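Please read all numbers here as calculations on a predicted model, not as lab measurements.
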Amino acid sequence: MQVALLQLDLAFGDVEVNKEKINHMLHKIQDETDVIVLPELWNTCYDLKRLDQLADYDGWDSRAFLSHLAYRHEAAIVGGSVAKVGEQGFTNTMYIYNKKGHFIKEYSKAHLIPLMHEHKYFKAGDRDGLFEVGGIPSAGLICYDLRFPEWVRWHAVKGAKVIYIVAQWPKARINHWRTLIQARAIENQCFVVACNRVGDDPNFSFGGHSMVVDPMGEVIVEGDVEEGILTATLDLDQVAKARNLIPVFNDIRKDLY
């Protein structure tokens with residue numbers, strides 16, 4: 001399976017500019033790409049004080065945009081996340097589409113990070129991130145979710161072989177990002193495909209270093225702090241090999257925890 005990660009320098013609070021940038025960059029992806037991955041909050045960025053003006057009502061605009069991209073490029077899209085507004089208030093929400101442009105999954109960020117004031121503006125999600133794309137059991141999670149190993153493990157126990165993490169992870173803690181991605185891959189014996197943004201907004205600098213890590217914790221590809229597209233090929237047989245070699249899931253002590 002071939003994945004392409006868009007490591008973008010996004011425009012703060014400018015939805016149309018960001019959509020145009022994604023459109024432009026996707027013309028550069030390879031024809032054999034199976035899954036395209038976008039970063040967190042690609043529509044509004046962390047312009048949280050203007051969510052009442054910028055957030056996508058019920059996600060309709062974002063959903064139409066992502067569906068069209070998936071159909072046009074004949075690739076599934078793990079659509080990063082967008083600021084959405086609905087009856088439940090504002091959420092940080094991921095949409096996933098298959099290569100025919102059909103809707104697969106909606107997931108809202110379960111863990112809201114106080115350091116970036118999300119908890120003051122967003123409502124936390126209360127559903128899982130499990131989905132299948134191309135017949136591969138997968139999961140999609142968002143940024144701060146990465147710091148909760150029990151949440152990531154829950155998805156692996158439910159069968160996820162590939163875990164997609166989309167983020168706007170600050171440069172100041174990029175060493176945590178890199179370490180946690182490898183740790184989640186090793187402990188769950190699955191691929192972790194992690195797409196971060198680069199650039200600055202009025203409050204934060206973002207660290208890039210989007211990564212794809214295999215089930216043994218080896219880095220297949222890693223970005224730097226520049227905007228660009230990262231590609232990697234995932235050999236899904238490696239998941240079974242890792243889980244057979246070190247049968248972690250068989251050895252969980254359910255009598256203890």
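For the 3.5 Å distance criterion, the side chains of N196 and S210 fail to qualify, holding no donor opposite an acceptor. Judged purely by distance below 3.5 Å, without hydrogens or angles, the side chains of Y107 and D145 pair a donor atom with an acceptor atom. Side-chain atoms of S81 and T93 include no donor-acceptor pair closer than 3.5 Å.
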Residue pair L141, I163: steps toward the side-chain contact (heavy atoms from CB on, under 4.5 Å) verdict: CA-CA 7 Å; L141 302 173; I163 293 176; 4.3 Å; yes
- request: Could you go through the side-chain contact (heavy atoms from CB on, under 4.5 Å) check for M25 and L8 one step at a time?
  value: CA-CA 9 Å; M25 288 191 73; L8 300 172; 2.8 Å; yes
message: Test side-chain contact (heavy atoms from CB on, under 4.5 Å) on I36 and L6; report intermediate values, then the result.
response: CA-CA 8 Å; I36 296 163; L6 271 63; 4.0 Å; yes
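Within the model, atoms CH2 of W169 and NE2 of H209 stand 13.5 Å from one another, a figure rounded to the nearest 0.5 Å.
A salt bridge is defined here as a Lys NZ or Arg NE, NH1 or NH2 lying under 4.0 Å from an Asp or Glu carboxylate O, and E227 with R197 fails to meet this definition. Salt-bridge check for K19 with D61: passed, with a basic side-chain N closer than 4.0 Å to an acidic carboxylate O. The pair K109-E40 meets the salt-bridge criterion, since a charged nitrogen lies less than 4.0 angstrom from a carboxylate oxygen. Using a 4.0 Å cut-off between charged nitrogen and carboxylate oxygen, D128 and K158 do not count as a salt-bridge pair.
Between Y97 and I104 the shortest heavy-atom distance is C-CD1, 3.7 Å. Between C190 and R184, the shortest heavy-atom distance links the atoms SG-O, 4.5 Å. V198 and D224 get closest at one heavy-atom pair: CG1-O, 4.3 Å. Closest non-hydrogen pair, N92 versus Y46, comes out as ND2-OH, 4.4 Å. Closest of all the heavy-atom pairs between A160 and R243 is O-NH2, 3.2 Å.
Side-chain N or O atoms of D201 include one that pairs as donor or acceptor with a backbone N or O of N203 at under 3.5 Å.
Residues satisfying the side-chain contact (heavy atoms from CB on, under 4.5 Å) test with I252, not counting sequence neighbours, are R153, F249, K254, Y257. Considering only residues two or more places apart in sequence or on other chains, R127 meets the side-chain contact (heavy atoms from CB on, under 4.5 Å) condition with none of them.
When each of V35, D235, V193, T33 is tested with M1 by the rule side chain to side chain contact (heavy atoms under 4.5 Å, CB included), just one qualifies, namely V35.
Ring-centre distance between F122 and F90: not below the 6.0 Å cut-off. Ring-centre distance between W60 and F65: not below the 6.0 Å cut-off.
Few gaps surround CD on E187; more than 12 heavy atoms of other groups in view lie less than 6.0 Å from it.
Ring geometry, F148 versus Y144: the interplanar angle exceeds 60°, so the pair is classed perpendicular (tilted spans 30 to 60°).
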